[in-house]
Amino acid sequence: MIIAIDGPAASGKGTIAKQIASVYGLHHLDTGLLYRAVAKAVLDAGHSPDDAAQATAAAVALDPKQFDEKALKAKAITEASSVVAAIPQVREALINYQRAFATKPPGAVLDGRDIGTVIAPGADVKLFVVATPEVRAKRRALELRRRGDDADEQEVLDDLLRRDERDAKRTAAPLSQAPDAHLLDTTTLSVDAAFRAAIKIIEDVRSRRKRG
Ligand code: CDP
């Protein structure tokens, strides 16, 4: 079973993906970490994130087993991750790893921007998770503060909107809802309610498939 979860920045897709993977006993890949790791490698080496040659070399050399999730989620990496993610050769270099991960038995949940459209277009269930920018900014600011990063809500909101625009407007695998993806709006939902809504969508799709 492959479950694809896409959506804009800080929409709650990561939290939902983790919970679903745990309930169904599936592997989970937060694909944003791949782009964040490329951005960190480029910045650490003193290059600019829009340097396509350096970013591509970093993507080719990436070792996803070495990820330090806490460092990759830091504010300093976030903006640069959406800059490297717009470089087609960077995306190309990361496709095989993601597709191999998706087909690992017994199945996987992948969350990102292009899982249902490019990485796993044949996924069994696709969710597109959204929430209003203000709610997303509030949640992300809380999350950053919990991790000890300082977070100004207006600054976080500006970052989300800037990244959403860059992610949606790029030519290579832009952020978009696959035609067969189920929209899940988490604006007014608690973490638990969002999780239950996701499970309901998945179970409905599975029972419809069994019947059909
Ligand atoms: O957690 P948040 O939603 O803020 O971001 P993320 O999922 O960690 O992704 C960071 C950046 O990586 C995004 O702004 C996208 O530019 C890029 N990304 C992408 O292009 N494709 C993916 N499948 C996942 C992330």
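For clarity, every value in this text was computed on a predicted model and none was experimentally measured.
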Would you compute the distance between atom [atom1] of [X] and atom [atom2] of [Y] and round it to the nearest 0.5 angstrom?
| X | Y | atom1 | atom2 | answer |
| --- | --- | --- | --- | --- |
| Ile3 | Asp111 | CD1 | CG | 11.5 Å |
| Ile95 | Ile119 | CD1 | CD1 | 5.0 Å |
| Arg162 | Asp158 | CZ | CG | 6.5 Å |
| Leu72 | Lys40 | CG | NZ | 7.0 Å |

For [X] and [Y], indicate whether the former's side chain and the latter's backbone hold a donor-acceptor pair under 3.5 Å.
| X | Y | result |
| --- | --- | --- |
| Arg113 | Asp167 | no |
| Ser22 | Lys18 | no |
| Lys73 | Asp68 | no |
| Ser11 | Gly7 | no |
| His27 | Pro105 | yes |
| Arg136 | Ala10 | no |

Under the salt bridge (Lys or Arg N to Asp or Glu O under 4.0 Å) criterion, do Asp159 and Arg140 qualify, and how do the steps go?
-> CA-CA 11 Å; Asp159 161 72; Arg140 179 52 52 93; 5.9 Å; no
Under 3.5 Å, sequence neighbours excluded: what are the donor-acceptor pairs made by side chains of residues 124-131?
unit_1	atom_1	unit_2	atom_2	d
Asp124	OD2	Ile2	N	2.7
Lys126	NZ	Gly116	O	2.9
Lys126	NZ	Pro121	O	2.8
Lys126	NZ	Asp180	OD1	3.0
Lys126	NZ	Asp180	OD2	3.3

Taking only residues two or more places apart in sequence or in another chain, which ones pass salt bridge (Lys or Arg N to Asp or Glu O under 4.0 Å) with [X]?
| X | result |
| --- | --- |
| Arg147 | Glu143 |
| Lys75 | Asp150, Glu155 |
| Arg196 | Asp192 |
| Lys210 | none |

CA sep, side-chain torsions, deciding dist, call: Thr78, Arg163, side chain to side chain donor-acceptor pair (under 3.5 Å) | CA-CA 9 Å; Thr78 303; Arg163 280 196 295 138; 5.4 Å; no
More than 12 non-hydrogen atoms from neighbouring residues, nucleotides or ligands closer than 6.0 Å to CD on Glu203, yes or no?
-> yes
Might you confirm whether atom CD of Glu165 has over 12 heavy atoms from other residues, nucleotides or ligands at distances under 6.0 Å?
-> no
Quick one: side-chain contact (heavy atoms from CB on, under 4.5 Å) partners of Leu142, sequence neighbours excluded?
-> Arg146
Leu29 reachable from Met1 in the ILVMFWY side-chain graph, under 4.5 Å edges = no
